Protein chains: 2
Amino acid sequence: MRARPPPSGWTPPWVKTYRAVDFKFDLVAGLVAVMLLLPQSLAYALLAGLPPHCGLYASVLPLVAYAFFGTSRSLSVGPMAVTSLMTASAIAPLVAAGTGDAVTIALQLALLSGFMLMLCGVLRLGVIANLLSSPVNQGFMVGSAILIILGQVLPLLGLRGQGHTGWALLRSLSTSLSGINPVTALTGVTALALLLLSQHFLGALLCRLGMKPATAGMGVKLVPMLIVVAGIGVTIALSLDLNHGVRVVGPLPQALPALVLPTLSLTSLEQLALPAGALALIGFISSVSVAQTLAQREQEQINPNREMLGLGASNVVAALAGGLPVTGGLSRSVVNYTAGARSPLSGVVSASLLVLILIQFSMGPYFARLPVCVLAASIIAPMLNVLEPRSFLRIWRYAQADGLSFLATALGVLIFGVEIGIALGIGLSLLTIIWQASHPHIALLGRVAGSEQFRNVERAAVELNPRILALRIDENLFFGNIGVVEAALATALEDQPDAQHVLLVLSSVNHIDATALERLLALNESLMTRHKLLHLAEVKGPVLDQLQRSRLPQILSGQVFRFTHEAFAALDAH
Amino acid sequence: MRARPPPSGWTPPWVKTYRAVDFKFDLVAGLVAVMLLLPQSLAYALLAGLPPHCGLYASVLPLVAYAFFGTSRSLSVGPMAVTSLMTASAIAPLVAAGTGDAVTIALQLALLSGFMLMLCGVLRLGVIANLLSSPVNQGFMVGSAILIILGQVLPLLGLRGQGHTGWALLRSLSTSLSGINPVTALTGVTALALLLLSQHFLGALLCRLGMKPATAGMGVKLVPMLIVVAGIGVTIALSLDLNHGVRVVGPLPQALPALVLPTLSLTSLEQLALPAGALALIGFISSVSVAQTLAQREQEQINPNREMLGLGASNVVAALAGGLPVTGGLSRSVVNYTAGARSPLSGVVSASLLVLILIQFSMGPYFARLPVCVLAASIIAPMLNVLEPRSFLRIWRYAQADGLSFLATALGVLIFGVEIGIALGIGLSLLTIIWQASHPHIALLGRVAGSEQFRNVERAAVELNPRILALRIDENLFFGNIGVVEAALATALEDQPDAQHVLLVLSSVNHIDATALERLLALNESLMTRHKLLHLAEVKGPVLDQLQRSRLPQILSGQVFRFTHEAFAALDAH
C-alpha cells in the first residue's frame, strides 16, 4: 500500500478552519513570542557576522510569508543559530577574497537558498529530508554547537577574532586571551551564569510556586529577554559602554528597510551555489522536523513540499527586506505553541510588534546600548544543552555504524567546517547502508523436528537433510553481496558434498538486481555441470513478477516452490 | 553462516599438484598462445599511444610474475584493449602539459597501479570487485569499445589525429578525412573484412570440415596472426611502406630491456593517483572475472586477494621491464585454456617464445614492416562484437534502473572519458540501491480465511480485522524510508479509524538503524496519545538482539509476537 498524497490547493490549510475567536489566542502568543524574537534576532545576526539590524529585518517579512505558504500552525521562522553559523562560514572566504561586503553576500545567500527551496517545493522534492539520518543530524548539531560556543567565547570576554573551524577558533582564543576586557568579561559571564541557572532551576522553582509546567517552561524561555533588559539597564546606569570599553550593539535603523532584491551575477551564483544548497538542506530539515514534532502533538499532518515552499518564500523575502537566511527554530516555535498560537497569524503579530517597538515606540536607542557580551551569553547558553553525551551513547550502544556517522559528522564540522562536515556525514551514512547490504546474514536452514518450520541451524535445534542444501539469504540480492552468497554456498557445498538440491529461500529478498540475476544464472549452470539442481522458495510476489521477465524461468534447472516445507517434501521424494 | 576464508600460504596453488607430464600440455598451450600474444601486444601498445616494443616488453615478465602469485591456471596477463585505452587517456593530458614523455608516464602508471593492487591484496581488499555492478561494467565496455573503434578508424584509413572523448574523435575524423591514404585504407579495410568474415563464418566452416567446436574456435582466434603475417608479406612484396606511404610498425629493439624501476615524484604521484586507481580497479575487475569464469568450468576456486596480488606484481614488473599497464584478458586466456594449459607455466612458455622469436631468431625486422592499419583492424574487429544490443535490452527489460546505469556509464565514457564514465556509473548504481531501499514495498495484511496465513490485501482474498491494523514492511528500516512507512501507516489509520492495535510485521526486516528506531519510538508515543497500541511480529533474531540494546523493550506500548497469527489471536481476544 502507499501513503495518500497530501491535499493540494493553494489556500493555507489554517485559513479553512480559522474562527474570529482564534485571533485572541494568536495575539497573546505573538506578544509572548516577540520577547524571545527580539534578543534572538539581534544575537543571530551577530553570530552570522552581520550588523544586528539584519537580524531584525529577517524577523519581520519571513513570518508573514510563512503564514501564506506554510502548513504548520505554530512554526516560528527567523534567523537561527545553525543557519547563522553557516552564513558566517559562507561569507568569510568571499569577504576575504574581496568579492563583496558581508551584508550583500548574506542577502544573496538567502535569495539563492530561498529560490532553491521554492523550486524543490514546486517539484515536490520534500523527500530530500530523508537524506539526513538522525545520527548525522545530531552529530552536525553537536559539531555546530561547539563551533558556536568557541566562536562566542570571544565576544563574551570582550575579545576580537574569528575562525570557521575548531582549530582556528582555539588559536584565535589563545592568541588574544591577554587582551581580555575585565568589565565585559564580568558582564558576559554573569549573564551566562544567570541564564544557565534559570535553565536548570527556574522551571522547578516556578512549578513549586504553583505554576503549571508548561507555563513555567515558557517563563524560563523569557529569561533571555529579561537579561537583555537588565543588561541595557546596567549599561546605561554605569555607562559601561562609554567609560569601560564594553562593546554594545550600536545604533539601529530608525526606519523600515527599502525592499530591494539583491542581484545575482553568474560568478556569485557559482560561488554561492554550494553554501546556499547546504543552507537550504539544513534549514529545511531543521524546520520540517520542528514542524513535524509540533504537528504530532496535535495529531495534525504537515506537508513537506508546502513547508519547503514556505521556507523558500521566507528566505526570498528575508533577502528582499535586507535580512539573512532564516529557518524554523525549535525554541521559539515551542514558546509560540505553548503560548497558545492557533495559526501563523501569531507570527504576523510578533512581526508587527517588532516594528512597533523599534520604530513607533522608538526603543531603538535603548537596544543600541545592549552589550554584545550579553547577546553572546544568550547564544552560548542554549548551545550547552546540545552537548549532552547521553544521546550519543544511546546511538553508539544501539548501532556502532550509526555512532560512527555521528562522530564523523561532528568531527568533520569541527575540523573542516559545516559544509564539508555535513557532506562527510551524508556520504558515510549512505555508505553504511551499502556496507550492511553487502554483508548479508545467510542462514543454513534445517527442519524443526516433526514440523513444517525451517530455521537457522545456528539458532535452533533442527534436522539437516544431506541431499538438500537450503540457504536463506536475509538481504536483497545485488551486485554488492551476490559474491558473498556464492562464497557461502561454495563453503556449504564443501561441507555437504552429497547435496543434490540447492534451495535458496528468498523470504527476505525484496529485489534482485541484474547483476545478481546474471550470477544466479551462472550458478545454475555451474551447479548443473556438477549434477546438482538449483531451486528457489518463498519468492515474493513482486520479485517473482520481475523474474518472469528474465531468462530464469526457462533455464532454471530446478523449480520455484511457494514454501520451504513444500520444497523439502517434493525434493526428498526424488 | 559464512564463507570459509580461502587457503592462505605463499606457495602458488598450482605448484602443489603439478606433475612432470603437465608440462607437455603447458608447452603446447604456450606455443599456441604466443600466436595471439604477438600481434595483440603490438596492437595494444599502439592503442595506448606508445611505441610497439612497449607492448612486447609488457608481455614477458608479467606472465612470469603472475605464475608466482596468481591462483588461476589459465589466465593470460598482458596489455589489453581497455587498459590501453585508459593508459592513453591518462597519458595524453600530461604529455600535452609537458610533464614527461609518454613511455615514462605509462611506466609510472603501471608501477603505481601495481603497488596499489599489491597493497590492496595484502590488505585483503579483493571485495572491492563488488563495487562494480554488471550493468556498469557492461556499459563501460560498450562505451570503451566505441571509443576504441572511433580511435582506430583513423590509423585504419591512414589518417593521423587523436582524442579521448567520442566528440573529439568524431571531430578529428571529420577534419582529417580528406587526407586519406587509399593504399593504407584498402589494406586496412581488407584486413578488417577478412577478420570479420573469419569471426562470423570460419568457425562453422571448420566444424563442418570435421573439427571439434573447441578446436575450431581456437583456429578462429589464430586468424589475426595469419593476417599479420599476410600483411607483412604483402608489404614486403609490394613495398607498400616504401613506395605507397603505408605506415608500418617500424624498427623493434634487438635486445631485452634493461630492468629499471621508474621513479615516482610527489607531483607525478598526485597527477597519476586517480588514473592509476581507475586502472587498478578496472584491470582487477576484468582480470578476476575472467579468472572466475575459467575456474568455474573446472570447479576450481580462485582467491580474489591473491589475484589482486598477482595482477599487482605483474604491473610492477611490467613497469620494471619498460612495458605498460597489464591485465588478464578474456580472449587470450580462453585460447590458453582451450589449448590445454595446466598451469601459468604455459604463460612462461609464451613469454620465452616471444623473446626467442624477436631476438634470437631475428624476426624483428620482418615485424618492423607490419602495416599499422592491419593492427588497427585487429583491434577493431573484436570490439565490434562488444556492441551487441541484446545484452542491453535484456538488462533494460529486467530492471530499468540497471538499464539506466548501463546507459549512463556508456554515455559517460563516450562524452567525458573513461575515468569520469566509470565514476558516474559506480555512483549511480550505489544511488539506485539507496533509492530502492527508500521506496519500500508495504503490504496491508489480512487473514486467508480459515488459515494461519496472512497475506497482502492487494494480492490475495483475505479478511481484515477492523480492530487490528497489520502492515508488513518489505525492506530494512533506515533513515531513507522510515518517513514512507510513517506516511503509509497514517493513511492506513485514516482508512481504518477503529483500529486499536497497530502491528508491524518485520519478517523482511534485517536491520533497523538508529534513525528508524528513534522514529518508531516516537510513533509508539504518538499512537499512545491516541489510545492505540504498537506491536511487532516476526522480528528476526539478529534484529531482536539489537532492539534489546535500545529503550524499545521498556517503552513499547504493545508486545513483540513471534508470529502474525499469534498476534491476531492474542489481540483479537482483548
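Any value given below was found using the heavy atoms of this structure, including those in side chains, with hydrogens, waters and symmetry copies removed. Residue numbers start from 1 in every chain, and the chains themselves are labelled A, B, ... in the order their sequence lines are given, proteins ahead of strands. In this text the structure is predicted, and so the values were computed from the model without any measurement.
Near-neighbour residues of residues 548-556 of chain B relative to chain A, defined by a heavy atom under 4.5 Å from a heavy atom of that chain, comprise B/Arg549, B/Ser550, B/Arg551. Residues of residues 397-407 of chain A placed with any heavy atom under 4.5 Å of a heavy atom in chain B are listed by number as A/Arg397, A/Tyr398, A/Ala399, A/Asp402.
The structure places CZ of B/Phe479 at 3.5 Å from OG of A/Ser429, a figure rounded to the nearest 0.5 Å. Here B/Asp474 contributes atom CG and A/Lys540 contributes atom NZ; the two are 3.5 Å apart, rounded to the nearest 0.5 Å. For the atom pair OG of A/Ser133 and CG of B/Asp513, the computed distance is 6.5 Å after rounding to the nearest 0.5 Å.
For B/Asn476 and A/Glu475, the side-chain atoms include at least one donor-acceptor pair closer than 3.5 Å.
With chain A as partner, the option from B/Ala488, B/Ala514, B/Ala487, B/Gly483 having the largest number of non-hydrogen pairs under 4.5 angstrom is B/Ala514. Ranked by non-hydrogen atom pairs under 4.5 Å with chain B, the options A/Glu494, A/Arg519, A/Gln436 are led by A/Gln436. Counting heavy-atom pairs closer than 4.5 Å to chain A, the top-ranked of the candidates B/Leu430, B/Leu444, B/Ile395 is B/Leu430. Here A/Asp545 is the residue among A/Asp545, A/Asn481, A/Thr432 with the most heavy-atom pairs under 4.5 Å with chain B. Contact count against chain B (heavy-atom pairs under 4.5 Å) is highest for A/Gly480 among A/Gly480, A/Ala443, A/Ser438.
Neither the backbone nor the side chain of A/Gln292 comes within less than 4.5 Å of any heavy atom of chain B. Residue contact with chain B, scored on non-hydrogen atoms closer than 4.5 Å, involves the side chain of A/Glu518 exclusively. Proximity to chain B is limited to the side chain of A/Leu471, based on heavy atoms less than 4.5 angstrom apart. For A/Leu517, the part lying near chain B is the side chain, with the backbone staying farther off; criterion is any non-hydrogen pair under 4.5 Å.
Counting heavy atoms from C-beta outward, B/Ile433 and A/Ile434 have side chains that approach closer than 4.5 Å. Using a 4.5 Å heavy-atom cutoff, the side chains of B/Pro542 and A/Arg459 are in contact.
A distance-only check finds a donor-acceptor pair linking the side chain of A/Thr515 to the backbone of B/Ser134 [under 3.5 Å].
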